[in-house]
Chemist: 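Take a look at this one; I'll ask things after.
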Amino acid sequence: CERDVVVRELQERRMFQELVDFYFGRSMHADALEFLTNLITTMDQSDNTIKFQDGVKVLVVDYLKKLPLEYQGLLFHYLDWLLKRFGMDSALMESVFMNETPACANRNHYEIYEYIDKIDKTIAMRYLEFVVSAFGSKDVKLHTTLVELYFDDMENPITKMKLKSV
């Protein structure tokens, strides 16, 4: 089918979820995320649009969760946008990075760790724990980094217990 015709028709009919699904099916991920973020930025900050903005935020988060490894840079770009737009939200980052989907399992986990670590060191440690536990990662670099983080946090009794289990 003709891409431009489909996009125009879905936009005119305000079938946003269908348009996002169309973009995803065609691997037009940058177009989908640009469309979604433009929806939010064009809305007024009135009480009537807060629910709409939250709905679009959920669509962006859900889209980011599904992005394959080769779009990890795009994931970081739009997650930065979300965090700037809606404020630092640990639940948002955990939702995007800590889910047991095939897309999440196949990402560059160390690169994601480094990204999260720049924002929130606590979430970064939880991310490493999640990857090792949920995906059974055997990546030595991930394990070594996690153990180093545990050693740095030896004052915490919970960390001591975690270190004993490693």
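Since the structure is predicted, the reported quantities are computational estimates derived from the model, not experimental observations.
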Chemist: Does one side chain, of Asn108 or Tyr115, offer a donor that lies under 3.5 Å from an acceptor on the other?
Modeler: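 Short answer, no.
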
Chemist: Is there a side-chain contact between Tyr150 and Leu146 in this structure, where contact means two heavy atoms from C-beta onward sitting under 4.5 Å apart?
Modeler: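 In short, these two side chains touch, coming nearer than 4.5 Å.
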
Chemist: When you measure from the side chain of Ser133 to the backbone N and O of Glu129, does any donor-acceptor pair fall under 3.5 Å?
Modeler: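 Checked: no pair found.
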
Chemist: With side-chain contact (heavy atoms from CB on, under 4.5 Å) as the criterion, how do Arg85 and Val60 come out once you've worked through the C-alpha distance, each side chain's angles and the decisive distance to 0.1 Å?
Modeler: CA-CA 12 Å; Arg85 177 79 184 185; Val60 172; over 6 Å; no

Chemist: Would the Phe35 and Phe16 ring centres measure less than 6.0 Å apart?
Modeler: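 Yes.
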
Chemist: Are Leu69 and Leu67 connected, step by step, through hydrophobic side chains (Ile, Leu, Val, Met, Phe, Trp, Tyr) whose heavy atoms are closer than 4.5 Å?
Modeler: no

Chemist: Taking C-beta and beyond as the side chain, do Asp89 and Lys57 meet within less than 4.5 Å on heavy atoms?
Modeler: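 The answer is yes; the side chains approach within 4.5 Å.
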
Chemist: Compare every heavy atom of Phe97 with every heavy atom of Leu79, then report the nearest pair and how far apart it is.
Modeler: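 So the minimum-distance heavy-atom pair works out to CD2-CE1, 3.2 Å.
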
Chemist: Do Thr122 and Arg126 touch side chain to side chain, with heavy atoms closer than 4.5 Å?
Modeler: yes

Chemist: Treat each ILVMFWY residue as a node, draw an edge where side-chain heavy atoms are under 4.5 Å apart, and state whether Leu92 and Phe86 are in one component.
Modeler: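 Cluster IDs for Leu92 and Phe86 match.
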
Chemist: Is there side-chain contact between Phe22 and Leu10, with at least one heavy-atom pair below 4.5 Å?
Modeler: yes

Chemist: Could you go step by step and tell me if Asp139 and Ser137 meet the side-chain hydrogen bond (donor to acceptor under 3.5 Å, both in side chains) rule?
Modeler: CA-CA 6 Å; Asp139 185 328; Ser137 174; 5.2 Å; no

Chemist: Counting neighbours of CD on Glu155 that are heavy atoms of other residues, nucleotides or ligands and sit closer than 6.0 Å, is the number greater than 12?
Modeler: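 For Glu155, atom CD is not crowded (no more than 12 foreign heavy atoms under 6.0 Å).
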
Chemist: Do the side chains of Leu142 and Val147 join up, straight or via other hydrophobic residues, at under 4.5 Å, putting them in one cluster?
Modeler: yes

Chemist: Minimum heavy-atom separation for Tyr78 to Ala30, with atom names?
Modeler: OH-O, 4.1 Å

Chemist: Do Tyr23 and His29 have their ring centres less than 6.0 Å from each other?
Modeler: no

Chemist: Run the side-chain contact (heavy atoms from CB on, under 4.5 Å) check on Met88 and Ile123 step by step: do they pass?
Modeler: CA-CA 12 Å; Met88 177 48 207; Ile123 297 172; 3.7 Å; yes

Chemist: Mind checking whether Lys121 and Leu149 have side chains closer than 4.5 Å, heavy atoms only?
Modeler: no

Chemist: So, do Phe130 and Glu100 sit near enough that their side-chain heavy atoms are less than 4.5 Å apart?
Modeler: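 Phe130 vs Glu100: side chains touch.
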
Chemist: Measure the spacing between CG of Leu36 and CG of Asp31 and express it to the nearest 0.5 Å.
Modeler: 11.0 Å

Chemist: Do Phe76 and Ile112 come close enough that some side-chain heavy atom pair is under 4.5 Å?
Modeler: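 In contact.
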
Chemist: Could you see if Phe151 belongs to whatever hydrophobic cluster contains Tyr113? Use Ile, Leu, Val, Met, Phe, Trp, Tyr and a side-chain cutoff under 4.5 Å.
Modeler: yes

Chemist: Can you check whether Leu64 reaches Leu33 side chain to side chain, under 4.5 Å on heavy atoms?
Modeler: yes

Chemist: Please step through side-chain contact (heavy atoms from CB on, under 4.5 Å) for the pair Tyr110 and Thr145, ending with a clear verdict.
Modeler: CA-CA 9 Å; Tyr110 195 79; Thr145 302; 3.3 Å; yes

Chemist: Could you tell me how the ring of Tyr127 sits relative to the ring of His109: parallel (under 30°), tilted (30 to 60°) or perpendicular (over 60°)?
Modeler: tilted

Chemist: Taking Ala91's backbone N and O only, do any of them form a donor-acceptor pair with Ser95's side chain (distance below 3.5 Å, no angle check)?
Modeler: no

Chemist: What distance do Met125 atom CE and Ile116 atom CD1 have between them, rounded to the nearest 0.5 Å?
Modeler: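 It comes to 13.0 Å.
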
Chemist: Is Val61 linked to Leu83 within one hydrophobic cluster, defined over Ile, Leu, Val, Met, Phe, Trp and Tyr using a side-chain heavy-atom separation of less than 4.5 Å?
Modeler: yes

Chemist: CG of Leu19 to CZ of Arg13: how many Å apart, nearest 0.5 Å?
Modeler: 12.5 Å

Chemist: Using the side chain to side chain contact (heavy atoms under 4.5 Å, CB included) rule, pick out the option among Lys66, Arg107, Lys65 that qualifies with Leu75.
Modeler: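 So the option named by the test is Arg107.
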
Chemist: Locate the shortest heavy-atom distance separating Ser27 from Tyr71; write the atom from each residue and the value.
Modeler: O-OH, 3.7 Å

Chemist: Given Arg3 and Met28, is the side-chain contact (heavy atoms from CB on, under 4.5 Å) satisfied, shown in steps?
Modeler: CA-CA 11 Å; Arg3 171 184 123 46; Met28 299 168 63; 3.2 Å; yes

